[in-house]
Asks: 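Have a look at this one.
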There are 2 protein chains.
Amino acid sequence: MSTPAGTRRRADAVRNRQLALDAATALMAEPDASLTVEVIARKAGLGAATVVRAFGCKDALLDAAVSRLLDPVVRRARELIAETTPTRALHVFLRELIAFQAAHHAINDQLGGLDLPATTALRADLVRAVEEMIDGARHEGTVRTDIDPAVTTTLLGETALAVARAQPSCPELVEAYLTVLLDGLRPR
Amino acid sequence: MSTPAGTRRRADAVRNRQLALDAATALMAEPDASLTVEVIARKAGLGAATVVRAFGCKDALLDAAVSRLLDPVVRRARELIAETTPTRALHVFLRELIAFQAAHHAINDQLGGLDLPATTALRADLVRAVEEMIDGARHEGTVRTDIDPAVTTTLLGETALAVARAQPSCPELVEAYLTVLLDGLRPR
DNA sequence: GGATAAGTGAAATACACGTTCCATTTATTA
DNA sequence: TAATAAATGGAACGTGTATTTCACTTATCC
């Protein structure tokens, strides 16, 4: 379904698709990059038409690029769940998530009202993983049980994103956030 | 400097300026409104050219509209500071601020990288007011003193905004946020 | 009411995009 | 190497914007 249908795919097309993906991914780590097809194409050393053709449309390219960045984050969440206690996993992961978001805030800023299927699926995976951490931490007695787990997850996700956004102009924010939020989440 | 320079200003021009401002202000309360000059003009019953001319450029109109919405919020902050204890002021204002932001999230979403002088000034006033509340609450012993007041203010502002954004899809979020954050802010 | 300058808005312009065309180039295979 | 289909990218196109133009309308003042 994704491999040769009736005809062959040329090697240079495959390589160029990869170049476009690399360029887009790299741009997402650059604050204030504009992420237009032109800019991505120039960075990849390709024409704009080639970049678009390789993915069908611009949004598909963005979806692929974001997914590639998000995938290791989801893996990391699962790894932490497997290797340590839920409480520790939650604390460590939250800090790492903020760092990731701060380093790629194009992902959150420029991609507001877009339909990116692969990205959406990965985000769901990520939410599931955090919910598992919170659920485990509740059983360990380190997270309050008077707030719905799903709401707690949303609260964490949204506020962490906000902190990541604002971090560039206030580096101390992250530590303050983690201190206040994790304290506030403890049972009374 | 803002009143008649060498010639007269016609009454209908003044009235139309007001209509444009009203239209823009109203649109900011409508979620998913597009805030283009065309849309604003149609809503005001005017031509696009008239709307632009009344303010010089679109951004100046947006600046005026946002300022008009933000001004009462700043006044309310000062009123609370004058009328009640810092701790109570902080709690009440935070809840009201979130409600305001949720009701006008066009202000936060569509106006990302714009230069809006009046709005920026008002935002600074608002930050100052919240800093006063936090400072007072610290002296009352309800807010921890191991975090810099400015950082605390930033933390409150950014996370409150995030919660307001997400509220539509999760109404319980606001109460959860206020509970967790204000608990987390208490001295240990 | 008439003269005059101010104001109006539909249409033209300018610009930044994503996307598509198509004449040319290039990989692939025999 | 020749034949063929795939791929390329500069240019054209379509769309959605803000802004400007200009022939016309209207408020203002005598």
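All chains are named by letter (A, B, ...) in the order of the sequence lines, taking the proteins before the strands, and each is independently numbered beginning at 1.
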Asks: So, A:Arg188 side chain and A:Arg186 main chain: donor-acceptor pair closer than 3.5 Å or not?
Replies: yes
Asks: Whole angstroms only, please: what is the CZ-C1' distance between A:Arg42 and C:dC17?
Replies: 14 Å
Asks: Separation of A:Phe55 atom CZ from C:dG18 atom C1', in whole Å?
Replies: 16 Å
Asks: Nearest-Å distance, CZ (B:Arg15) to P (C:dA6)?
Replies: 18 Å
Asks: When the distance from CG of A:Leu35 to C1' of C:dG18 is rounded to whole Å, what number comes out?
Replies: 14 Å
Asks: Figure out the NZ/C1' separation between A:Lys58 and D:dT15, and round it to whole Å.
Replies: 14 Å
Asks: How close or far is atom C1' of D:dA12 from atom CD of A:Glu38, stated in whole angstroms?
Replies: 13 Å
Asks: Whether B:Arg138 and B:Asp135 form a salt bridge (side-chain N of Lys/Arg under 4.0 Å from carboxylate O of Asp/Glu) is what I want to check.
Replies: no
Asks: Quick one: side-chain contact (heavy atoms from CB on, under 4.5 Å) partners of B:Val127, sequence neighbours excluded?
Replies: B:Glu131, B:Thr153
Asks: Assign a letter to each nucleotide of nucleotides 8-16 of chain C from its 5' end: B, base within under 4.0 Å of a protein heavy atom; S, sugar-phosphate only; -, no contact.
Replies: BBB------
Asks: Count I, L, V, M, F, W, Y as connected when their side-chain heavy atoms are under 4.5 Å apart, and connections chain through other members. Are A:Leu161 and A:Phe100 then in the same cluster?
Replies: no
Asks: Tell me every residue that passes side chain to side chain donor-acceptor pair (under 3.5 Å) with A:Arg15, counting only those two or more places apart in sequence or in another chain.
Replies: none
Asks: Is A:Lys43 paired with A:Glu38 through a side-chain N to carboxylate O contact shorter than 4.0 Å?
Replies: no
